Amino acid sequence: MNNDEYDIDTLAVRAGTVRSQFNEHSEAMFLTSSFMFGSAAEAAARFKGEQPGPIYSRFVNPTVNMMEARLAALEGAERCVAFSSGMASILATVMGLMKAGEHVVASRSIFGSTVQLFSNILGRFGVETTYVSPTDPSEWRAAVKPNTRLFFVESPSNPLTEVSDIRALADIAHEAGAWLAIDNCFCSPALQKPLEFGADIIIHSATKYLDGQGRVLGGAVLGSKELMEGVFGFLRTAGPTLSAFNAWVILKGMETLSLRMEAHSRNALALAQWLEAQPQVARVWYPGLPSHPQHALAMRQQKTGGGIVSFEVEGGKDAAWKLVDATRLLSITANLGDTKSTITHPASTTHGRMTPEQRAAAGIGDGLLRIAVGLESVADIQADLARGLA
Ligand SMILES: *Cc1c(COP(=O)(O)O)cnc(C)c1O
């Protein structure tokens with residue numbers, strides 16, 4: 001199928017499908033660790049790369065390849081390489097494209113484990129990271145060094161939904177001879193396509209909206225064939241591989257991505273507007289609200305404000321924990337991108353490993369709560385929160 005001819009909703013359902021000799025309608029799950037060869041000569045040709053075809057599921061599996069092809073179609077990327085988790089995808093990006101002595105400029109407002117990965121693990125192997133504001137491109141320009149190879153940003157960010165100007169950061173990165181990598185987890189390609197704004201690399205935690213139902217872990221890195229060759233080389237040798245089962249779940253999950261993202265966004269906007277009107281709520285962060293500091297930019301880059309709403313309650317940690325404990329419907333869990341709404345207190349969970357100073361610099365207060373708005377009735381979600389606010 002020629003992807004250029006079709007809309008994203010069609011690609012989500014049909015791109016990447018490869019059928020076996022049985023001509024099955026739905027995509028098959030290939031649960032096999034290895035693949036057979038017809039002869040010694042064919043085995044040798046496959047290993048040398050002279051003959052296409054699967055070898056071993058650490059790096060080639062038809063179900064995983066279908067998931068990669070479908071996600072590449074949705075993002076408009078030349079190539080996608082799947083991984084066992086979002087974190088493995090971020091690790092593979094650095095391990096596949098960088099070396100000791102090189103430098104990363106990263107947004108200060110990134111996923112807690114990503115900060116740990118850059119600061120505590122990659123730092124020990126000689127890759128240094130400077131953290132800057134996601135919303136001030138001049139800080140990125142000032143942080144550039146002769147050895148800077150990678151810019152890394154999430155937009156919108158977790159948990160404050162800060163929106164970065166992807167085009168501006170791409171221009172600064174390219175002037176510096178660096179690549180811009182975007183963690184596109186919060187929007188998914190249904191709402192934002194970073195390559196169209198000049199980004200070089202897209203990273204996904206497929207665990208979130210791509211699966212969409214909180215079932216499996218997975219991740220992916222996307223970009224040009226040339227860049228993905230390095231990322232794939234790390235996968236092939238080091239093995240942080242996505243299982244065929246998880247790939248199949250994500251592949252089928254993507255078929256409803258646009259529908260779900262529209263519904264998540266509709267609920268999130270209604271909830272954000274309602275929260276903004278509650279006297280016990282000091283502040284609401286949602287890119288779809290005119291009160292959001294980067295509202296105009298968000299509406300240029302994204303189709304909607306997305307499904308994540310954060311808000312600060314009056315009364316700090318005690319008030320925030322009370323609200324969490326009063327819920328009966330919302331799930332108290334750190335995951336997001338599920339059909340079920342989830343509520344998280346970032347300061348004591350997802351961002352608990354940051355120092356209080358790092359949290360303060362990132363604007364994550366003790367009264368902050370994040371809701372990943374699910375597909376329940378928004379009236380029921382509001383009623384669940386109203387009890388705790390009262
Ligand atoms: C969850 C998440 C990750 C990590 O993904 P895993 O699949 O849990 O490893 C990375 N970035 C963002 C923005 C996330 O929300």
Side-chain angles (χ1 to χ4, degrees), residues 156 158-161 185-188 190-191 205 207-216 249 252-292 295 298 302-350 365 367-390:
N158 182 20
L160 292 181
T161 71
C185 176
F186 269 37
C187 274
S188 88
L191 302 185
S205 168
T207 316
K208 312 294 168 53
Y209 289 110
L210 299 183
D211 167 11
Q213 293 172 64
R215 299 165 294 192
V216 299
V249 171
K252 302 309 286 180
M254 279 192 278
E255 295 185 359
T256 54
L257 181 66
S258 290
L259 283 174
R260 285 186 286 104
M261 293 314 292
E262 279 167 28
H264 282 295
S265 304
R266 213 182 313 118
N267 273 359
L269 177 61
L271 185 69
Q273 287 166 338
W274 178 82
L275 282 168
E276 220 170 30
Q278 305 307 306
Q280 304 91 336
V281 174
R283 188 167 169 196
V284 181
W285 285 266
Y286 182 67
L289 287 178
S291 61
H292 189 281
H295 175 66
Q302 308 171 197
K303 205 168 160 189
T304 71
I308 312 289
V309 178
S310 289
F311 60 104
E312 177 95 29
V313 290
E314 304 279 8
K317 183 184 154 192
D318 285 351
W321 277 31
K322 261 189 201 142
L323 181 57
V324 170
D325 290 339
T327 59
R328 287 183 216 149
L329 182 67
L330 301 193
S331 310
I332 309 173
T333 175
N335 197 29
L336 63 95
D338 198 320
T339 51
K340 298 177 176 69
S341 294
T342 67
I343 186 163
T344 311
H345 181 245
S348 59
T349 59
T350 51
L368 186 75
L369 291 168
R370 184 196 76 193
I371 296 185
V373 184
L375 304 183
E376 303 96 337
S377 145
V378 73
D380 290 337
I381 300 171
Q382 286 167 4
D384 206 35
L385 293 170
R387 203 173 22 249
L389 285 173

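Quantities reported herein were computed from a predicted structural model and do not represent experimental measurements.
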Mind checking whether [X] and [Y] have side chains closer than 4.5 Å, heavy atoms only?
| X | Y | result |
| --- | --- | --- |
| Leu336 | Ile308 | yes |
| Val309 | Thr161 | no |
| Val324 | Leu330 | no |
| Thr207 | Val216 | no |
| Leu271 | Leu275 | yes |
| Glu276 | Ser291 | yes |

With distance as the sole test, does [X] use its side chain to make a donor-acceptor pair with the main-chain N or O of [Y] at under 3.5 Å?
| X | Y | answer |
| --- | --- | --- |
| Ser188 | Ala190 | yes |
| Thr342 | Ala334 | no |
| Arg283 | Val313 | no |
| Glu314 | Gln280 | no |
| Ser341 | Gly374 | yes |
| His345 | Leu369 | no |

Would you list the pairs meeting ring-ring contact (aromatic ring centres under 6.0 Å, His included) in which at least one residue belongs to residues 262-292, sequence neighbours left out?
Tyr209-His264
Do the side-chain N and O atoms of Glu262 and Thr304 include a donor-acceptor pair separated by under 3.5 angstrom?
no
May I ask you to check whether Ser331 and Thr333 show a side-chain donor-acceptor distance below 3.5 Å?
no
Considering all heavy atoms of both residues, which atom of Ala326 and which atom of Gly388 are nearest to each other, and what is their separation?
CB-CA, 3.6 Å
Atom of Ala268, atom of Gly306 and distance for their closest heavy-atom approach
CB-O, 3.4 Å
If you round to the nearest 0.5 Å, how far is [atom2] of [Y] from [atom1] of [X]?
| X | Y | atom1 | atom2 | answer |
| --- | --- | --- | --- | --- |
| Glu255 | Arg260 | CD | CZ | 10.5 Å |
| Ile332 | Thr349 | CD1 | OG1 | 11.0 Å |
| Ser265 | Gln302 | OG | CD | 9.0 Å |
| Leu191 | Met261 | CG | CE | 4.0 Å |
| Asp318 | Lys322 | CG | NZ | 6.0 Å |
| Thr344 | Leu368 | OG1 | CG | 10.0 Å |

Sequence neighbours left out, what pairs pass salt bridge (charged side-chain N to carboxylate O under 4.0 Å, His left out) with at least one residue falling in residues 371-384?
Asp384-Arg387
Lys340, NZ: over 12 other non-hydrogen atoms inside 6.0 angstrom
no
Go through it in stages, so that I can follow the logic: the residues are Asn158 and Arg370, the test is side chain to side chain contact (heavy atoms under 4.5 Å, CB included), and I'd like the CA-CA distance, side-chain angles, deciding distance and then a yes or no.
CA-CA 9 Å; Asn158 182 20; Arg370 184 196 76 193; 2.9 Å; yes
Check against side chain to side chain contact (heavy atoms under 4.5 Å, CB included), His295 and Leu289
CA-CA 7 Å; His295 175 66; Leu289 287 178; 5.6 Å; no
Using side chain to side chain contact (heavy atoms under 4.5 Å, CB included), reason through Gln273 and Val284 one step at a time and then give a plain yes or no.
CA-CA 9 Å; Gln273 287 166 338; Val284 181; over 6 Å; no
